[in-house]
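So the structure is just underneath, and the comments pick up after that.
Lettering follows sequence order; numbering is per chain, from 1.
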Amino acid sequence: MSMDKTYNHKEYEEKIYKLWEKSGAFTPKIDPKKRPFTIVLPPPNASGKMHTGNVLMIATEDLLVRWKRMQGYSALWLPGTDHAGFETQITFERKLKEEEKSRFDFDRQTLYKKIWDFVQENKHLIEDQIRSMGASVDWTRNKFTLDLDILESVVKTFNKMYEDGLVYRADYMVNYCPICGTTFADLEVKHKERKDPLYYIKYGPFVLATVRPETKFGDTAVAVHPNDKRYKGYIGKEIEVDGLLGKFKLKVIADKFVDPKFGTGVVKVTPAHDKNDYEAGKRHTLEVKPVIGLDGRLNEKAGKYVGLTISEAREKVVEDLKKYGLLEKIDENYTHTVAVCYKGGHDIEPTILPNWFIKVESLKKPAHDVVIKGKVKIYPKWQEVKYHRWMESMMDWPISRQVVWGIRIPAWYSFNENPNLQITFLNKDKVTITGRLADLLKNSSLDDIREGLQTLIAPGDAKVVISDKNPGKDYLQETDTFDTWFSSGQWPLVTLGYPESNDFKYFYPTDVLETGWEILRLWVSRMIMFGIYLTGKPPFKDVYLHGIVRALDGRKMSKSLGNVINPEEYQAEFGTDALRMGLISGTANGKDFNFPADKVIAFRNFANKIWNMARFMLIMFDKYKEDVPFYSAELENKLKKEDKDVLKELENTIKKVNTSLEKYRFTDAAESIYHFMWDKLASEYLEETKDREDKEVSLSVLRYVYFNSLKLLHPFMPFITEVIWQELKDLRKYPNQLLITSSWPKIS
RNA sequence: GGAUCCAUAGCUCAGUUGGUUAGAGCGUUCGGUUUACAUCCGAAAGGUCGUAGGUUCGAGUCCUACUGGAUCCACCA
């Protein structure tokens with residue numbers, strides 16, 4: 001008898017985790033006699049740190065897996081980490097900056113190697129945190145999104161899609177961030193409200209309003225609304241404009257996208273740097289004239305303004321417009337929303353670039369159907385609407401990213417056929433050189449270029465070979481990498497060793513995909529598309545979407561607001577079990593919720609409560625052990641009313657927990673165990689046993705009910721329940737048994 | 001502009017198909033050294049369920065409008 005008065009989680013958690021892992025409980029066998037139950041862990045960022053969302057995710061999935069494992073399933077929870085393209089590269093570049101370096105100081109393979117090392121150094125941090133959370137994941141099957149076998153599999157899928165005619169390359173108006181040097185998907189662009197000056201500038205016979213005077217060098221038309229009487233006479237005509245670079249002529253077009261009420265009802269059209277204008281340009285076959293380069297600076301078409309950044313150019317252009325009397329007025333109180341990239345919050349510069357695309361038309365229909373037909377169920381049900389709306393409106397998917405840290409697209413350009421490749425590379429003297437490939441080859445060898453290659457931009461009509469290997473010695477590989485979601489979209493397949501492995505055959509399709517609702521479209525929809533495309537089967541049966549854990553003030557956690565909650569502090573102070581249970585019961589139906597600090601405390605208290613129940617049992621059994629039989633049917637005729645009551649209530653609790661978990665109503669399950677154990681078992685029944693003469697009956701019932709309660713509670717609070725299970729070894733029929741692999745309580 | 005969700009005790013939230021005195025945790029007040037636990041025990045206070053209508057024998061729960069808040073999508077030259 002050596003239990004302290006209070007439960008000290010720090011003393012036990014690590015030990016217990018090792019006990020579980022060593023026992024092999026985390027590693028399910030392929031057993032034809034058992035039914036498989038599979039969850040693939042949504043891989044956290046390999047170089048990141050645990051945040052509250054991860055904790056909720058792990059708590060929820062561990063709960064499901066432990067429950068199924070105890071029910072006798074061959075339960076696999078497959079862990080892994082994500083290379084997290086952008087995020088990691090940005091983190092790494094911040095590190096480089098501290099060393100007064102930047103990504104431009106390295107060729108792409110050196111940079112890749114450096115990031116690889118950086119991630120490998122940090123990967124164990126997140127993995128250790130997953131361990132400390134008590135996650136019963138199978139570490140023997142641990143994966144990383146850039147593991148060789150994963151990489152091969154992802155590339156193979158791309159090849160197959162290419163052969164199936166689902167891949168194409170096209171010029172596209174992309175959301176380009178000049179600071180990050182890469183494009184962002186529409187979903188990754190955020191809209192921010194901001195006040196910017198609105199300039200009214202003279203434009204030939206017109207005055208028009210714009211916030212972006214610096215793009216005027218790329219204007220190829222002026223547009224008005226077709227019904228706008230003020231300008232009817234001009235439609236279809238050419239006007240002459242006095243510009244900062246001299247006189248030029250522009251066509252006046254009529255298009256409904258113009259809002260006659262905005263400004264003066266006249267709009268300059270810049271197809272190369274505005275989405276609307278680009279679309280309008282296509283309708284009216286306007287010239288597309290880019291004036292801003294990928295470095296975010298004005299190019300030679302901007303004449304004397306060449307080389308200025310966007311903001312510098314805006315300032316200078318406005319100044320000059322004033323000087324030449326071309327600026328009519330400035331509205332300083334104009335508020336509009338601007339597109340910014342979701343990583344750094346930098347302004348997005350819409351830009352035309354050739355990009356790799358996936359045709360989604362044939363993929364999205366079946367992926368939509370499986371949800372409509374209920375082959376894939378989304379919980380909570382009300383989130384399903386978001387899925388339908390997305391599947392209805394999904395457009396072709398741009399999958400290329402201009403970052404190094406990712407899976408390189410297996411496309412190859414031969415130098416013979418593509419002399420116009422735009423190349424940037426570091427030569428042997430570490431000098432950055434940019435130019436047409438054919439020109440560069442006059443001074444450098446192809447090998448030097450390949451060695452020092454940083455980026456390659458192939459024209460839209462480039463001749464390309466898709467191959468997982470270098471097709472010949474005069475080829476250069478595409479420098480773009482896959483969108484992270486392209487590879488993680490195949491995660492349930494590739495982690496299980498698709499298509500041939502025994503694991504794949506046994507564990508696929510998986511059972512539950514559990515994740516936050518914010519990546520329903522980015523990730524879940526893509527997994528369903530890939531799953532059906534490659535195997536004919538959706539990759540999971542149920543999707544459970546948890547809410548977002550917000551800060552204590554009800555707002556989203558963000559570094560800039562300074563309201564981020566570090567889960568580790570709660571974990572250290574109140575214990576992992578309390579933190580997990582607090583989060584699990586913080587929300588009932590997948591809605592967003594504020595971090596439930598008071599519930600964490602409540603469950604710490606609860607942990608202590610059941611701890612002390614165990615102490616009480618030790619004391620009692622120390623006294624009466626020999627006289628107390630294990631509970632069985634033979635005792636039934638000796639039972640008193642309170643015995644029958646507590647047994648009945650245990651049954652009800654088991655039922656309640658089962659049905660709640662089947663419906664993913666975790667809070668309901670948690671609350672019913674909590675109230676049963678505290679209010680019924682501890683406050684009522686246990687008190688009654690103190691006065692009972694027939695200790696052999698009451699203690700037998702108490703032990704039976706208590707142990708079954710521990711089992712029910714185990715998936716929610718795994719550490720303390722297992723600790724008690726071990727502490728009470730001598731009170732159990734099978735002292736060597738672990739709670740984690742014990743059997744789930746049955747209803748008689 | 002399109003859409004979704006939310007509004008219940010001081011705080012954070014439950015309340016699943018409309019059905020008896022609306023619940024929990026935390027907090028508050030009062031009282032407890034009963035040998036498992038003060039991270040405990042006992043008791044109490046506290047809600048016209050955002051506002052206004054409607055459907056119904058009956059509405060926190062369904063419908064309409066409004067007010068306030070959150071979020072998503074699209075877009076703003």
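- To the nearest 0.5 angstrom, A:L545 atom CG is 10.0 Å from A:W517 atom CH2.
- B:G25 and B:C40: their P atoms are spaced 11 Å apart (whole Å).
- Taking atom P in both B:A70 and B:C63, one finds a spacing of 24 Å when rounded to whole Å.
- A:F574 comes within 4.0 angstrom of nothing in the nucleic acid, heavy atoms only.
- In this structure, the side chains of A:M391 and A:M529 come closer than 4.5 Å at one or more pairs of heavy atoms.
- Comparing A:P596 and A:A607, the nucleotide of RNA chain B nearest to each residue sits closer to the 5' end for A:P596.
- Of the residues near RNA chain B, A:A602 and A:V211, the one whose nearest nucleotide (by heavy atom distance) lies more toward the 5' end is A:A602.
- Rounded to whole Å, the distance from CZ on A:R550 to C1' on B:C11 is 14 Å.
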Report summary line: Its dot-bracket string being built from Watson-Crick and G-U pairs below 3.5 Å, with | for another strand and [ ] for crossing, RNA chain B has the pattern (((((((..((((.....[...)))).(((((.......))))).....(((((..]....))))))))))))....
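- Residue contacts for A:K690: at a heavy-atom cut-off of 4.0 Å it reaches a base atom on one of the strands shown.
- The nearest whole Å value for the distance from the CG atom in A:N612 to the P atom in B:C41 is 10 Å.
- Between B:U35 and B:C41, the distance separating the two P atoms is 14 Å to the nearest Å.
- The separation of B:A22 from B:C6, taken at their P atoms, amounts to 23 Å, rounded to a whole angstrom.
- Looking at A:K5, its side chain has no donor and acceptor atom pair within 3.5 Å of the base of B:C37.
- Checked against the 6.0 Å centroid criterion, the rings of A:W523 and A:Y387 do not qualify as a close aromatic pair.
- Of the side-chain N and O atoms in A:K591, one or more sit less than 4.0 angstrom from OP1 or OP2 of B:A14.
- For B:U17, the OP1/OP2 oxygens have no side-chain nitrogen or oxygen of A:K381 closer than 4.0 Å.
- Comparing B:U8 with B:C13, their C1' atoms sit 9 Å apart, to the nearest whole Å.
- Looking at heavy-atom distances under 4.0 Å, A:V266 makes no contact with the nucleic acid at all.
- Nucleotide B:G25 holds its C1' atom 8 Å from the CD atom of A:E671, rounded to whole Å.
- Residue A:H9 contributes atom NE2, which lies 12 Å from atom C1' of B:U39 at whole-angstrom precision.
- Screening A:N652, A:V646, A:L712 against A:F676 for a side-chain contact (heavy atoms from CB on, under 4.5 Å) leaves a single residue, A:V646.
- Across the protein-nucleic acid pair, A:N594 atom CG and B:G25 atom C1' stand 14 Å apart, rounded to whole Å.
- Among residues two or more places apart in sequence or in another chain, the side-chain hydrogen bond (donor to acceptor under 3.5 Å, both in side chains) test is passed with A:E392 by none.
- When the C1' atom of B:U12 is taken as reference, atom CD1 of A:I565 falls 12 Å away, rounded to whole Å.
- For the residue pair A:I201 and A:T210, the shortest heavy atom distance occurs at CD1-CG2, 4.0 Å.
- Figure legend: A:R526 and A:W397 shown as a cation-pi pair, the cationic atom lying under 6.0 angstrom from the six-membered ring centre and within 45 degrees of its axis.
- Across all strands shown, A:N276 has heavy atoms under 4.0 Å from sugar-phosphate atoms exclusively, and none from any base.
- Across B:U17 and B:C5, the matching P atoms stand 14 Å from one another, rounded to whole Å.
- Rounded to an integer number of Å, the gap from CE of A:M613 to P of B:C41 is 11 Å.
- A:A223 comes within 4.0 angstrom of nothing in the nucleic acid, heavy atoms only.
- Separating the C1' atom of B:G18 from that of B:C57 is a span of 12 Å, rounded to the nearest Å.
- Cation-pi contact between A:K301 and A:F217: absent, since separation from the ring centre below 6.0 Å together with deviation from the ring axis within 45° is not met.
- B:G42 atom P lies 8 Å from atom CD of A:E687, rounded to whole Å.
- Among the heavy atoms of the strands, none lies under 4.0 Å from A:L208.
- Nucleotides B:G60 and B:A7 are separated by 11 Å at their C1' atoms, to the nearest Å.
- A close approach under 4.0 Å does not occur between any side-chain nitrogen or oxygen of A:W390 and OP1 or OP2 of B:A3.
- In this structure, A:F606 has its ring center closer than 6.0 angstrom to the ring center of A:Y674.
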